[in-house]
Amino acid sequence: MIDRDRLAAKCAARDILLTPACLEQLDVYAQMLVDYNAHVNLTAITDPEGIEDKHFLDSLLFACQPEVAGSLVDVGTGAGFPGLVARIYKPDLDVTLMEPTGKRVEFLRQVCERLGFADVKLVKERAEEAARKQWREQFDLACARAVSALPQLAEFCLPLVKPGGKF
């Protein structure tokens, strides 16, 4: 599905080294994304190079940062960007994918099952509701991509982060 050599070269040019296992998982993920997107709208970007650049490389540029460690919540994860890609890149990362849409959560469940990520937590809930429940101040890091304007996004994410954590 993706051109592994092309993606690896783009990443290497940015000092991101991808293992063969990581490339294999990204390839499986991309194929599942395209297949599932045929009947459920996950993303408008489904061409191989678009997936490589706008989904994977973009997420890997986030994931390679040293601050991305410990426990991560990806708010409004959609099809799993950047949280699931971060988990592929950093296998020790404790990832929670938060998404209110059931069809997207089902896609993420299938991808996690296929990739052997039984430890990735899937939360079908809106962030503003989750922050009033068990998820308040539970994460070292919160991230989001294309969810809302920054002031509103801060209101969603900051209550999920532990004191001293990052958003």
Legend entry - Expected output: side-chain Arg136 to main-chain Leu160 donor-acceptor under 3.5 Å: no
Inset, instruction - Return the set of residues passing salt bridge (charged side-chain N to carboxylate O under 4.0 Å, His left out) with Asp119 (not counting sequence neighbours), or none when no residue passes. - result: Arg87
Legend entry - Ala86 to Leu72 - nearest heavy-atom pair and separation: CB-CD2, 4.2 Å
Inset, instruction - Could you tell me whether Lys166 atom NZ has more than 12 heavy atoms of other residues or ligands within 6.0 Å of it? - result: no
Legend entry - Heavy-atom pair of closest approach, residues Leu57 and Asp53: CB-O, 3.6 Å
Inset, instruction - Not counting sequence neighbours, which residues clear salt bridge (charged side-chain N to carboxylate O under 4.0 Å, His left out) with Glu24? List them please. - result: Arg4
Inset, instruction - Look only at the side chain of Asp94 and the backbone of Gly70, and say whether a donor-acceptor pair between them is shorter than 3.5 Å. - result: no
Legend entry - Same apolar cluster (I L V M F W Y, side chains within < 4.5 Å links), Leu33/Tyr89: yes
Legend entry - Ion pair Glu125/Arg132, N-O distance below 4.0 Å: no
Inset, instruction - I would like to know whether Leu153 and Phe167 meet side-chain contact (heavy atoms from CB on, under 4.5 Å); could you show each step before the answer? - result: CA-CA 10 Å; Leu153 192 58; Phe167 160 57; 3.8 Å; yes
Inset, instruction - Identify the two heavy atoms, one from Arg145 and one from Lys54, that lie closest to each other, and give their separation to 0.1 Å. - result: NH1-O, 2.8 Å
Inset, instruction - Locate the shortest heavy-atom distance separating Pro159 from Ala154; write the atom from each residue and the value. - result: CD-O, 3.9 Å
Inset, instruction - Verify the cluster assignment for Leu18 and Phe62: are they in a single hydrophobic cluster under the rule of side-chain heavy atoms below 4.5 Å apart? - result: yes
Inset, instruction - Sequence neighbours left out, what passes ring pair (Phe, Tyr, Trp, His ring centres under 6.0 Å) with Tyr29? Give chain and number order. - result: Phe56, Phe81
Inset, instruction - Measure the NZ-CG distance between Lys10 and Leu60 for me, rounded to the nearest 0.5 Å. - result: 12.0 Å
Inset, instruction - Applying side-chain contact (heavy atoms from CB on, under 4.5 Å), name anything that partners Arg109, two or more places apart in sequence or on another chain. - result: Glu106, Glu113, Leu122
Legend entry - ILVMFWY network linking Val105 to Trp135, side-chain heavy atoms under 4.5 angstrom: no
Inset, instruction - Indicate the atoms forming the closest heavy-atom contact of Ala30 with Ile51, along with that distance. - result: CB-CG2, 4.0 Å
Name every donor-acceptor pair, under 3.5 Å, that has one atom in a side chain of residues 96-104 and the other anywhere in the protein, sequence neighbours excluded.
from, atom 1, to, atom 2, distance (Å)
Glu99, OE1, Gly78, N, 2.8
Glu99, OE2, Thr101, N, 3.1
Glu99, OE2, Thr101, OG1, 2.9

Inset, instruction - Kindly compute the distance separating CG (Leu23) from SG (Cys11), expressed to the nearest 0.5 Å. - result: 7.5 Å
Legend entry - Contact summary for Ile2 and Asp27, nearest pair of heavy atoms: N-OD1, 3.1 Å
Legend entry - Partners meeting ring pair (Phe, Tyr, Trp, His ring centres under 6.0 Å) with Tyr36 (sequence neighbours left out): His39, Phe107
